[in-house]
Trainee: 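I am attaching a structure below and will ask some questions about it afterwards.
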Amino acid sequence: MALADDIQMAERHVLQAERHIKCQRARIAALKRSRLPRGKASNFLQLLEDAQSMHLQHLSRLLEQASRERTEAGFAAAVPLAAE
């Protein structure tokens, strides 16, 4: 899989996780309004937030890698080899 594909997939995971977190927070708010227990729902929210943190870290690493590769490619193209 190409780096660009990995970045797109990581971006999709970040967006999906944002939606899941938003929905879970809404569920917790509904439970609170109904005065129902929300311990397990809150625990699940924490898992979602932890997973989101990992998605963001992964995306950040991929973007850094892409930046390094662009810089290296640009540097290699801009600097002629001594033998040339």
Trainee: Step by step, would you call Arg68 with Thr71 a side chain to side chain contact (heavy atoms under 4.5 Å, CB included)?
Mentor: CA-CA 5 Å; Arg68 280 193 310 274; Thr71 300; 5.7 Å; no
Trainee: What side-chain hydrogen bond (donor to acceptor under 3.5 Å, both in side chains) pairs are there with at least one residue in residues 10-31, not counting sequence neighbours?
Mentor: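 Passing the test, one end in residues 10-31: Gln24-Arg27, Arg25-Glu49.
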Trainee: Sort and list the pairs that fulfil salt bridge (Lys or Arg N to Asp or Glu O under 4.0 Å) and have at least one residue in residues 57-67, not counting sequence neighbours.
Mentor: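 Residue pairs passing salt bridge (Lys or Arg N to Asp or Glu O under 4.0 Å), neighbours aside: none found.
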Trainee: Do the side chains of Ile21 and Leu47 join up, straight or via other hydrophobic residues, at under 4.5 Å, putting them in one cluster?
Mentor: yes
Trainee: Just how far is it from atom CD of Gln52 to atom CG of Leu45, taken to the nearest 0.5 Å?
Mentor: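 So the gap between those two atoms works out to 11.5 Å.
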Trainee: I'd like a table of donor-acceptor pairs (distance under 3.5 Å, sequence neighbours excluded) in which one partner is a side-chain atom from residues 29-44, with atom names and distances.
Mentor:
| unit_1 | atom_1 | unit_2 | atom_2 | d |
| --- | --- | --- | --- | --- |
| Ser34 | OG | Ala30 | O | 3.2 |
| Ser42 | OG | Arg38 | O | 3.0 |
| Asn43 | ND2 | Gly39 | O | 3.4 |

Trainee: If you group Ile, Leu, Val, Met, Phe, Trp and Tyr whenever their side-chain heavy atoms sit less than 4.5 Å apart, what else falls in with Leu59?
Mentor: Leu3, Ile7, Val14, Leu56, Leu62, Leu63
Trainee: Roughly how far, to the nearest 0.5 Å, is CD of Glu72 from OG of Ser67?
Mentor: 9.5 Å
Trainee: Apply side chain to side chain donor-acceptor pair (under 3.5 Å) to Gln46 and list each qualifying residue two or more places apart in sequence or on a separate chain.
Mentor: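 Applying side chain to side chain donor-acceptor pair (under 3.5 Å) to Gln46 gives Asp50.
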